[in-house]
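Inspection log for the structure reproduced underneath, given as structure tokens.
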Amino acid sequence: MSSITLPSNFNYQILIAHAASSLDVLLSNSSYSSIFILVDENTEKHCLPHIVGIPALNSAKIIRVQSGEKNKSWESSSQIFEHLIEGGADRQSILVNLGGGMIGDIGGFCASIYMRGIRFVQVPTSLLSMVDASVGGKLGIDFNSYKNLLGAISNPMEVIIDPAFLNTLPDIELLSGWAEMMKHGLIASKQHWNQLINSESIQSAAIKDLIMQSLAIKALIVEEDPLEQGRRRLLNAGHTIGHAIESYYLARDQPLPHGLAIAAGLRVEAYIASEMLHLKTQNRDEIWRAIDKFFPLIQLHLDMLDELLKYVGRDKKMDAGKLRFVFLEDIGRASFDQLLDMESLRKLLIMYIQQQ
């Protein structure tokens, strides 16, 4: 077992350990009136059997939701609340979120507002949720096809990362986490970036070390800005355009894996940064080559523009009609809160489309 060294203002720990034994210790050492486990159909089948045998979970109640981004919704949240009420959950209950980013987001969101907040544990089972949602306490659900429109910031009791769960994932799910790790390298660590892009396989034996590096990068950024008032906004790199692309496909009932959307967002935003003279062309080209090495190209088209800009316009980073953008300045360095008006963004997207 190992743990991530978190800043002193964090009131929880992140363990990289065997999930069942770690949960047994955590739940046995505290008094909870009831224990609930949130799963989707995939984690119920592949991950739940790895933890249900521990004594502390003998009386746990299972809450089931359907997988997929389209189910990270108010309707699914309402179902979770109903199960908590029917199961007699009170302020001394605890919710164990066993799953990927969708489960961690919606489960943490529901726990944070049920009875003004009950305790919860994150047990991420996807690479994306391990390296992204594990640090920082940002929780949320989508609403009317807008990504994470409703949300809260609330920390879990503990985060338990068991790399063994990665063996249950198809490559496309691993890629979703890989995109976030590449983002961490781009905004804060050229060394981390180089290790990632020189990897021959995302199934590498070094994946545990790379996970810890990404977690450490995010922890340092969150320490400086826990409420996302400043430097934490660097973590939005790739997400302004990436979320718009994700919302575009979600609205058509053709959900795009989060990592593919974020990789596409990083690709577009690297182009924008180079055209705005923040990023050297050779660095942009290196970023494009690295993204294209691991991810399929998500083509943008002119007939997508109006809708993409509509989603960008509802982004929480809008400020008086202008977008607070993250611009890459070099590999391993970025700046936040760079203002870009929507008409300039439209022109830049047209230019990108013409040479993508």
Side-chain angles (χ1 to χ4, degrees), residues 1-6 10-65 77 79-126 129-130 133-139 152-168 208 211 215:
M1 180 178 72
S2 58
S3 62
I4 301 297
T5 301
L6 293 174
F10 280 55
N11 58 359
Y12 65 98
Q13 62 178 344
I14 297 177
L15 301 178
I16 298 182
H18 185 255
S21 56
S22 298
L23 275 173
D24 200 26
V25 170
L26 173 68
L27 298 175
S28 298
N29 288 342
S30 300
S31 177
Y32 301 102
S33 60
S34 54
I35 299 171
F36 296 81
I37 306 174
L38 179 66
V39 296
D40 61 29
E41 71 276 12
N42 296 315
T43 56
E44 181 174 18
K45 178 180 179 180
H46 298 292
C47 303
L48 187 60
H50 293 278
I51 68 169
V52 290
I54 64 174
L57 291 178
N58 283 342
S59 60
K61 302 175 179 69
I62 308 300
I63 301 177
R64 299 170 178 87
V65 295
S77 300
Q79 295 172 19
I80 293 171
F81 293 137
E82 289 173 3
H83 284 293
L84 290 171
I85 294 169
E86 292 170 1
D90 57 26
R91 291 294 302 277
Q92 303 309 311
S93 299
I94 189 167
L95 177 64
V96 177
N97 297 317
L98 180 68
M102 177 269 198
I103 289 291
D105 273 357
I106 194 172
F109 171 75
C110 289
S112 71
I113 64 175
Y114 181 80
M115 291 190 171
R116 296 195 177 95
I118 63 173
R119 289 168 288 187
F120 64 99
V121 181
Q122 303 286 42
V123 186
T125 61
S126 70
S129 56
M130 290 179 186
S134 299
V135 178
K138 287 174 69 173
L139 312 161
I153 295 179
S154 182
N155 287 330
M157 287 285 294
E158 194 167 273
V159 177
I160 301 170
I161 294 175
D162 189 343
F165 286 133
L166 297 178
N167 296 328
T168 68
K208 179 179 175 181
I211 290 171
L215 286 169

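We number each residue from 1, following the sequence as shown.
- Residues in residues 19-36 take part in no salt bridge (charged side-chain N to carboxylate O under 4.0 Å, His left out) pair, two or more places apart or across chains.
- Atom CD of Gln122 and atom CG of Asn155 lie 10.0 Å apart (nearest 0.5 Å).
- With sequence neighbours excluded, the residues forming a side chain to side chain donor-acceptor pair (under 3.5 Å) with Glu158 are Gln13, listed by chain and number.
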Residues 50-65, side-chain donor-acceptor partners within the protein, below 3.5 Å, at least two apart:
residue	atom	partner	partner atom	Å
His50	NE2	His46	O	3.3
Asn58	ND2	Pro55	O	3.3
Arg64	NE	Glu44	OE1	3.1
Arg64	NE	Glu44	OE2	2.7
Arg64	NH2	Glu44	OE2	3.0

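- Of all the heavy atoms in Ser129 and Gly99, the pair that sits closest is OG-O, 3.7 Å.
- In summary, of the residues considered (Leu215, Ile161, Ile16), a side chain to side chain contact (heavy atoms under 4.5 Å, CB included) with Met130 occurs for Ile161 alone.
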Run the side chain to side chain contact (heavy atoms under 4.5 Å, CB included) check on Ile106 and Leu38 step by step: do they pass? CA-CA 10 Å; Ile106 194 172; Leu38 179 66; 4.2 Å; yes
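- In plain terms, the two heavy atoms of Tyr12 and Pro156 that are nearest each other are CB-O, 3.2 Å.
- Rounding to the nearest 0.5 Å places CG of Leu98 at 8.0 Å from CD1 of Ile103.
- At least one side-chain heavy atom of Val159 sits under 4.5 Å from a side-chain heavy atom of Pro124.
- The side chain to side chain contact (heavy atoms under 4.5 Å, CB included) test applied to Asp162 returns His18, Ala19, Ala164, Phe165, not counting sequence neighbours.
- To the nearest 0.5 Å, atom CG of residue Asn97 and atom CG of residue Leu139 are 8.5 Å apart.
- In this structure, SG in Cys47 is found 12.0 Å from CD1 in Ile37, a value given to the nearest 0.5 Å.
- Here the CG atom belonging to Asn42 is positioned 12.5 Å from the CG atom belonging to Leu48, to the nearest 0.5 angstrom.
- Contact between Ala17 and Ile160 at its shortest, heavy atoms only, is O-CG2, 4.4 Å.
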Can you list, pair by pair, the side-chain donor-acceptor contacts under 3.5 Å of residues 107-119, counting residues two or more places apart and other chains?
residue	atom	partner	partner atom	Å
Ser112	OG	Gly108	O	3.4
Ser112	OG	Phe109	O	2.7
Tyr114	OH	Ala89	O	2.9
Arg119	NH2	Gln92	OE1	3.3

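- When all heavy atoms are compared, the tightest approach of Thr43 to Asp40 is N-OD1, 2.8 Å.
- The two residues Tyr32 and Met157 come nearest to each other via the heavy atoms OH-CE, 3.5 Å.
- Taking Arg91 as the reference, nothing meets the salt bridge (charged side-chain N to carboxylate O under 4.0 Å, His left out) condition, with sequence neighbours excluded.
- Taking the side chain as every heavy atom from C-beta outward, Leu166 and Ile211 approach each other to under 4.5 Å.
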